[in-house]
Visitor: 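Sharing a structure with you now.
In this text the structure is predicted, and so the values were computed from the model without any measurement. The figures here come from the full heavy-atom set of this structure, side chains too, leaving out hydrogens, waters and symmetry mates. One-based numbering, in listed order, for ligands and for the atoms of each. Just so you know, residue 1 is the first one in the sequence shown, and it goes up from there.
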Amino acid sequence: MSQERIESMMDEKRHFAPPADSRGRAHVSGEAAREALVRRAAEDPEGFWGERAAQLIDWFKPWDTVLDADMNEPRIEWFKGGRLNVAHNCLDRHVAGNRRNKAAIIWQGEPEEDVRVLTYQMLYDEVRRFAAVLRKMGVHKGDRVSLYMPMIPELAVAMLACARIGAVHSIVFAGFSAVSLQNRIHDCEAKVVVTADAVLRAGRRIPLKVNVDEAVRQCPSVEKVVVVNRGSLEVTMEEGRDLWWHEVMADRTLDVDRPCEEMDAEDMLFILYTSGSTGKPKGVVHTTGGYLTYAAHTTQWVFDVQDDDVYWCTADIGWITGHSYIVYGPLALGATSLMFEGVPSWPSPDRFWRIVEKFRVNIFYTAPTVVRALMREGTDWTERHDLSSLRVLGSVGEPINPEAWMWYHTHIGKGRLPIVDTWWQTETGGIMISGLPYATTLKPGSATQPLPGVDAAIVRPDGSPAGPNEGGHLVIRKPWPGMLRGIFGSPERYRSTYFERFPGMYESGDGARTDTDGYFWIMGRLDDVINVSGHRMGTAEVESALVAHPSVAEAAVVGMPHAVKGEAIYAYVTLGADAEETEELRAELRAWVRKEIGPIATPDVLQFAEGLPKTRSGKIMRRILRKIAAGATSEFGDTSTLADPGVVSDLIEGRLQLT
Ligand code: ATP
Ligand code: MG
């Protein structure tokens with residue numbers, strides 16, 4: 001960043017005190033308790049993390065050192081010498097304890113009547129069985145297994161089976177194309193691929209196995225493909241390579257009684273490719289002891305999960321959010337995790353609320369893009385359901401603009417529930433900056449404060465700490481247990497992407513500022529920051545102002561080259577259901593931003609758009625919007641993670657010139 005400051009103009013004054021911990025059982029209760037934990041973790045990080053790792057995780061052998069690290073190299077080792085198994089922690093110990101008959105996973109399929117409840121005992125049995133299947137196929141500790149599956153319980157079974165035998169899973173979101181899948185299988189040289197015949201989505205049956213056939217043709221590492229029958233779709237099974245899940249699981253000769261593999265704390269657990277919002281996806285590597293400790297720790301504190309809760313994270317397991325907050329975190333805690341196969345909008349926009357009512361969900365964790373989409377549908381859909389079981393709401397994936405936060409709070413939280421806005425990344429393994437539901441005063445649009453033990457800071461381009469309201473680079477100055485340990489196969493990319501620019505610190509790539517209360521406001525990716533006549537603006541702020549207008553459903557803002565100002569502001573705006581695309585409205589929206597933020601932020605160009613280009617995890621790809629705005633429509637780079645390529649051609653057609 002050439003500029004010293006990122007100007008910030010957001011002026012959010014509302015705040016919400018945490019609800020009283022009336023039953024006296026919150027994991028962290030009250031602001032003073034939280035502050036004491038922050039102090040304790042800062043004074044004695046190793047003591048703090050060692051204590052959490054001992055409380056939350058079962059170790060076959062305790063560690064020799066809590067932390068051995070140097071972020072300059074980088075070399076990061078947590079709980080060195082410790083031995084454990086992730087599946088043992090998520091299953092075996094709960095079965096041996098008193099949770100044998102508790103629901104581990106409540107699964108709601110795409111068709112309303114498709115419901116399965118797997119108790120800890122049932123999940124444990126399935127996992128041991130599939131672990132034996134993998135072993136019989138010749139999968140050994142350290143081998144990679146690619147999982148390309150719908151949101152069905154078999155996906156969780158396959159993950160845990162890999163963990164049980166020490167194999168490394170690499171999950172590829174089932175919405176990805178054959179080419180994206182091929183790249184990811186190729187990159188990690190998977191020996192086995194687990195998939196399904198089809199994905200059920202919005203009332204349709206989408207073939208899945210065909211993509212595997214196409215992808216695997218170019219991947220000589222793949223020896224076996226296991227196929228779950230989800231949609232009874234006809235598929236071709238290649239002799240000697242392809243096997244049906246239900247057949248291999250029925251094998252009577254399987255050795256299901258083998259104990260789980262004792263893993264080293266720093267043995268690899270999984271590889272997961274990032275969403276690719278900014279370019280070529282990175283194969284982020286997570287290891288065993290630190291990752292599991294961090295996933296369990298954050299699930300417990302951030303969502304205040306209690307033993308009798310029904311906890312629901314709506315993410316797809318193909319993203320890190322699903323890894324940490326559908327499977328590993330909740331199951332390590334022995335919690336009940338709800339898993340949903342479908343989409344929020346089908347068969348009607350109240351699908352989520354119907355599920356909340358049906359299973360009496362207590363904790364609900366979703367993404368701003370979902371909140372904005374459901375907000376657009378109006379409150380008739382929320383009002384027809386009993387949402388009174390809800391206790392804690394969460395948000396992840398993008399900055400949640402204050403307007404969407406307030407809608408979520410008012411219509412889902414009925415004006416009383418805390419919303420934890422959780423900032424983190426695939427690379428961080430778990431939540432880094434977030435409120436705690438019974439211990440943090442919330443401000444709509446702010447991720448609030450770093451969790452105890454997380455040393456997050458905003459720094460200037462020279463690495464010195466930025467002052468209040470001075471935007472800059474969001475960095476983490478101390479190692480935390482959930483941090484990535486590499487980019488698979490690219491040690492140099494790992495070092496240069498995260499540890500080069502600010503020596504001794506982890507660089508997130510996001511821009512943020514802290515306000516005078518020390519609250520963090522994420523401004524978006526630094527690649528997206530706009531520079532108008534020397535004023536640097538985060539995209540989140542201009543977009544928030546636009547979305548605050550009653551006619552606007554969603555907005556994305558990018559910079560475009562401008563001879564005088566350096567950059568001009570180009571805004572793409574999706575209108576709400578009742579609004580009309582008129583010149584008057586265009587002028588009104590520009591005036592609105594001018595009034596809300598200031599003349600400097602007025603969009604120079606405002607294009608109405610039916611839809612915005614998003615990654616398959618629902619994030620706006622501003623990189624592409626920047627190219628369209630600049631008229632450079634032939635050089636989009638890697639678009640393999642784009643959800644709906646059709647959107648892009650519509651946007652190119654509707655492109656407006658700077659006048
Ligand atoms: P790539 O790194 O390949 O471009 P990506 O960064 O979109 O992909 P993820 O790791 O899935 O992949 O997303 C992490 C990013 O999402 C963060 O760096 C941040 O920009 C954004 N993000 C996540 N949660 C929040 C949040 N609560 N508030 C603001 N931004 C968030
Ligand atoms: Mg990223």
Visitor: For E596 and V593, indicate whether the former's side chain and the latter's backbone hold a donor-acceptor pair under 3.5 Å.
Guide: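 No: the side chain of E596 does not pair with the backbone of V593.
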Visitor: Tell me, with the steps shown, if H323 and W319 meet ring-ring contact (aromatic ring centres under 6.0 Å, His included).
Guide: CA-CA 7 Å; H323 283 59; W319 311 121; 9.5 Å; no
Visitor: Is I522 touching ligand 1 with its side chain, its backbone, both, or neither, if touching means heavy atoms under 4.0 Å apart?
Guide: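 Side chain only; the backbone of I522 stays clear of ligand 1.
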Visitor: What is the ring orientation for H409 with W405, classed by angle as parallel under 30°, tilted 30 to 60°, or perpendicular over 60°?
Guide: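 Parallel, since the angle between the ring planes stays under 30°.
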Visitor: Once you restrict to heavy atoms under 4.0 Å, what part of E398 touches ligand 1? Side chain, backbone, both or neither.
Guide: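 The backbone, only.
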Visitor: Is the closest side-chain heavy-atom distance between Q449 and Y519 below 4.5 Å?
Guide: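 Side-chain contact under 4.5 Å: yes.
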Visitor: Which is closest to atom 17 (C) of ligand 1 in terms of heavy atoms, D421, D527, D510, I620?
Guide: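 Nearest heavy atom to atom 17 (C) of ligand 1 lies in D510.
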Visitor: Answer side chain, backbone, both or neither: which part of T422 comes under 4.0 Å from ligand 1, heavy atoms only.
Guide: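 Near ligand 1, T422 shows its backbone, while the atoms from C-beta on stay back.
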Visitor: Does ligand 1 have an atom that lies less than 4.0 angstrom from a heavy atom of W319?
Guide: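 Distance cut 4.0 Å: W319 fails for ligand 1.
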Visitor: Less than 3.5 Å between some nitrogen or oxygen of S508 and one of ligand 1, yes or no?
Guide: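 No - when backbone and side-chain N and O of S508 are compared with those of ligand 1, no distance drops under 3.5 Å.
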Visitor: Report the residue from F340, W353, Y311, F303 that forms a ring pair (Phe, Tyr, Trp, His ring centres under 6.0 Å) with F364.
Guide: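 The passing option is W353.
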Visitor: Quick test of your reading: applying side chain to side chain donor-acceptor pair (under 3.5 Å), list the pairs with at least one residue in residues 416-435, sequence neighbours left out, ordered by first then second residue.
Guide: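 Sorted result for residues 416-435: Y365-T422, Y365-W424, W423-D510, Q425-Y506, E427-Y498.
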Visitor: Which atoms from ligand 1 have a heavy atom of T426 less than 4.0 Å away?
Guide: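 Those qualifying, in numeric order: 9 (P), 10 (O), 11 (O).
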Visitor: Are any of the side-chain heavy atoms of M432 and P450 separated by less than 4.5 Å?
Guide: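 No, too far: nothing below the 4.5 Å cut-off.
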Visitor: Taking N or O atoms only and a 3.5 Å limit, does I320 qualify as a polar contact for ligand 1?
Guide: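 Among all N and O atoms of I320, none is under 3.5 Å from an N or O of ligand 1.
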Visitor: Please tabulate, for the side chains in residues 324-331, all donor-acceptor contacts under 3.5 angstrom to protein atoms that are two or more places apart in sequence or on a different chain.
Guide:
residue, atom, partner, partner atom, Å
S324, OG, Y291, OH, 2.7
S324, OG, G429, O, 2.7
Y325, OH, T298, OG1, 2.6
Y325, OH, I431, N, 2.9
Y328, OH, H169, NE2, 2.7

Visitor: Relative to the heavy atoms of G397, which atoms of ligand 1 are at a distance of less than 4.0 Å?
Guide: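 Taking each heavy atom of G397 in turn, ligand 1 has 16 (O), 21 (C), 22 (N), 23 (C), 24 (N), 25 (C), 31 (C) under 4.0 Å.
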Visitor: Atoms of ligand 1 less than 4.0 Å from R525 heavy atoms?
Guide: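 The atoms of ligand 1 under 4.0 Å from a heavy atom of R525 are 4 (O), 5 (P), 6 (O), 7 (O), 15 (C), 16 (O), 20 (O).
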Visitor: Does ligand 1 come near enough to S395 that some N or O of the ligand is less than 3.5 Å from an N or O of the residue?
Guide: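 No, there is no polar N/O contact under 3.5 Å.
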